[in-house]
Protein chains: 2
Amino acid sequence: MADAYHHGDLRSVVLHAAADQIAQDGVDRLSLRGLAQRSGVSHAAPAHHFGDRRGLFTALATEGFDLLAAELREAGTDLRDVAVAYVRFALARPGHFAVMFRSDLARADDPGLAAARRRSGQALRDGVGRLEGVADPAAVQLAAWSVVHGFASLWQEGAFVGSDLLDPAADPEAVARRIVDTLVLT
Amino acid sequence: MADAYHHGDLRSVVLHAAADQIAQDGVDRLSLRGLAQRSGVSHAAPAHHFGDRRGLFTALATEGFDLLAAELREAGTDLRDVAVAYVRFALARPGHFAVMFRSDLARADDPGLAAARRRSGQALRDGVGRLEGVADPAAVQLAAWSVVHGFASLWQEGAFVGSDLLDPAADPEAVARRIVDTLVLT
DNA sequence: AGTGGATCTTGACAGTGGCAAGTTAGTCCG
DNA sequence: CGGACTAACTTGCCACTGTCAAGATCCACT
């Protein structure tokens with residue numbers, strides 16, 4: 001740990017630091033050099049693992065999609081539970097979530113990222129697959145994804161604070177459940 | 001136009017150029033100097049109008065909220081129409097939309113931005129206000145906002161492209177209407 | 001033991017945002 | 001008509017950032 005050379009775990013250390021910093025200050029204020037300094041290495045060390053600024057975001061997004069997939073699978077097969085799990089993930093991992101759907105930050109053609117995105121998409125599909133007796137299942141699936149994604153985004157950016165739409169002290173997961181209930185009973 | 005000094009319209013010229021560039025390359029790749037060059041002025045000229053990088057984003061977000069408010073008011077008083085108008089705005093003004101809900105980019109305490117945000121919030125409220133016979137109107141309002149915001153965000157970032165959830169050539173407004181219909185009939 | 005490759009450092013370069021000081025243009029007021 | 005005042009813009013500079021190239025260090029393997 002106190003040794004000069006990091007021996008393997010630098011990659012995850014930097015990733016973790018990046019997620020922390022993004023959660024605190026936002027993506028725009030993230031500096032690779034600051035990240036390196038915070039991780040106790042020279043300014044060019046991260047480049048060896050991620051190559052690029054885009055490479056770092058790509059790795060972070062990939063990790064995010066894998067974490068999301070795990071979270072969704074754990075939630076089971078009920079649409080409501082899966083939806084709430086999506087919101088829970090977004091709020092628990094703001095640093096990852098802020099990067100995952102930003103095509104301008106990550107390298108869109110990265111095969112690892114595409115695979116992880118596909119995995120989480122599959123997990124989402126598995127959880128929402130059974131929609132018997134619904135007129136337009138595809139619309140419901142789209143709506144479910146959109147509503148949890150939008151709610152998580154808006155919540156995280158503080159869009160609800162002065163809106164009178166909800167109690168500032170409310171539990172986001174509980175609100176998410178209320179919203180999803182509004183949706184699926186169609 | 002060919003004169004050396006811009007005389008007044010530089011502010012809007014730069015704002016327009018910024019919206020264009022953000023729509024093309026994303027927020028992260030926006031350079032104030034490139035913007036200035038593209039507008040035909042020196043690198044420090046924008047600073048006089050916006051002060052700061054954050055100042056530019058603040059102005060752009062403010063303009064965006066005003067445009068959104070106008071669009072929402074024009075849509076009338078039906079929740080479906082207002083919701084679709086929200087999506088239409090987001091897709092028509094991607095450069096503005098990308099900045100409007102990013103608290104890390106704009107100056108959150110700016111009074112002009114707060115006022116514009118309040119105006120568009122009011123417009124949204126006016127359009128969605130009448131929800132008679134609904135068990136949990138606040139939840140429906142939250143869900144409506146969340147679903148259009150999420151759908152517009154996901155669409156813009158290309159999250160739907162390989163997902164089999166919808167036809168890649170589909171008209172986003174039509175899809176948005178389908179989604180909203182899924183929602184309000186509760 | 002020593003060779004090879006992975007990991008990290010050092011040093012340099014162009015580009016960026018931000019600041020200070022100077023320059024130009026228009027306006028107002030005698 | 002002319003001179004002062006102010007807004008708009010320019011020039012020059014600085015610290016910082018991302019990126020690249022070259023060198024140093026460590027580890028594994030034979």
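The structure presented is a predicted model; accordingly, all values stated were derived computationally and were not measured. All values below come from the heavy atoms of this structure, side chains included, with hydrogens, waters and symmetry mates left out. So you know, we letter chains A, B, ... as the sequences are listed, proteins then strands, and number each from 1.
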Test salt bridge (charged side-chain N to carboxylate O under 4.0 Å, His left out) applied to B/Asp104 - qualifying residues, sequence neighbours left out: B/Arg102
DNA chain D contacts among residues 99-111 of chain B, heavy-atom distance under 4.0 Å: none
Sequence-distant partners of A/Arg33, salt bridge (charged side-chain N to carboxylate O under 4.0 Å, His left out), two or more places apart: none
Non-neighbouring partners of B/Arg38 that pass salt bridge (charged side-chain N to carboxylate O under 4.0 Å, His left out), sequence neighbours left out: B/Asp20
Integer-rounded Å distance: C/dG18 P and A/Arg29 CZ: 11 Å
Sugar-phosphate or base contact per nucleotide [nucleotides 14-21 of chain D; S, B, -; heavy atom under 4.0 Å]: ---SBBB-
Whole angstrom value for the distance that separates C1' of D/dA7 from CG of B/Asp9: 14 Å
Pairs meeting criterion ring pair (Phe, Tyr, Trp, His ring centres under 6.0 Å) with involvement of residues 21-44 of chain B, two or more places apart: none
Near-ring test A/Phe65/A/Phe89, centroid separation under 6.0 angstrom: no
Side-chain atoms of residues 143-150 of chain B: list all donor-acceptor pairs with protein atoms under 3.5 Å, sequence neighbours left out, distances to 0.1 Å.
unit_1	atom_1	unit_2	atom_2	d
B/Trp145	NE1	B/Tyr86	OH	3.1
B/Ser146	OG	B/Leu142	O	2.8
B/His149	ND1	B/Tyr86	OH	2.9

Partners meeting side chain to side chain donor-acceptor pair (under 3.5 Å) with A/Arg93 (sequence neighbours left out): none
Contact list for DNA chain C against residues 14-27 of chain B - heavy-atom distance below 4.0 Å: none
Aromatic ring proximity A/Phe151/A/Phe160, centre distance under 6.0 Å: yes
Residue pairs fulfilling ring pair (Phe, Tyr, Trp, His ring centres under 6.0 Å) with at least one residue in residues 107-128 of chain B, sequence neighbours excluded: none
Spacing between B/His49 atom NE2 and D/dA7 atom P, to the nearest angstrom: 12 Å
Rounded distance (Å) that lies between atom P of C/dG5 and atom NE2 of A/His48: 13 Å
Between P of C/dT24 and CG of B/Leu10, the distance in whole Å: 18 Å
A/Val84: partners by side-chain contact (heavy atoms from CB on, under 4.5 Å), with sequence neighbours left out: A/Arg88, A/Glu173, A/Arg177
Distance, rounded to the nearest Å, where B/Phe50 contributes CZ and D/dA8 contributes P: 12 Å
With sequence neighbours excluded, residues passing side-chain contact (heavy atoms from CB on, under 4.5 Å) with A/Ala170: A/Asp167, A/Val175
Whole-Å distance separating the CZ atom of B/Arg38 from the C1' atom of C/dT16: 17 Å
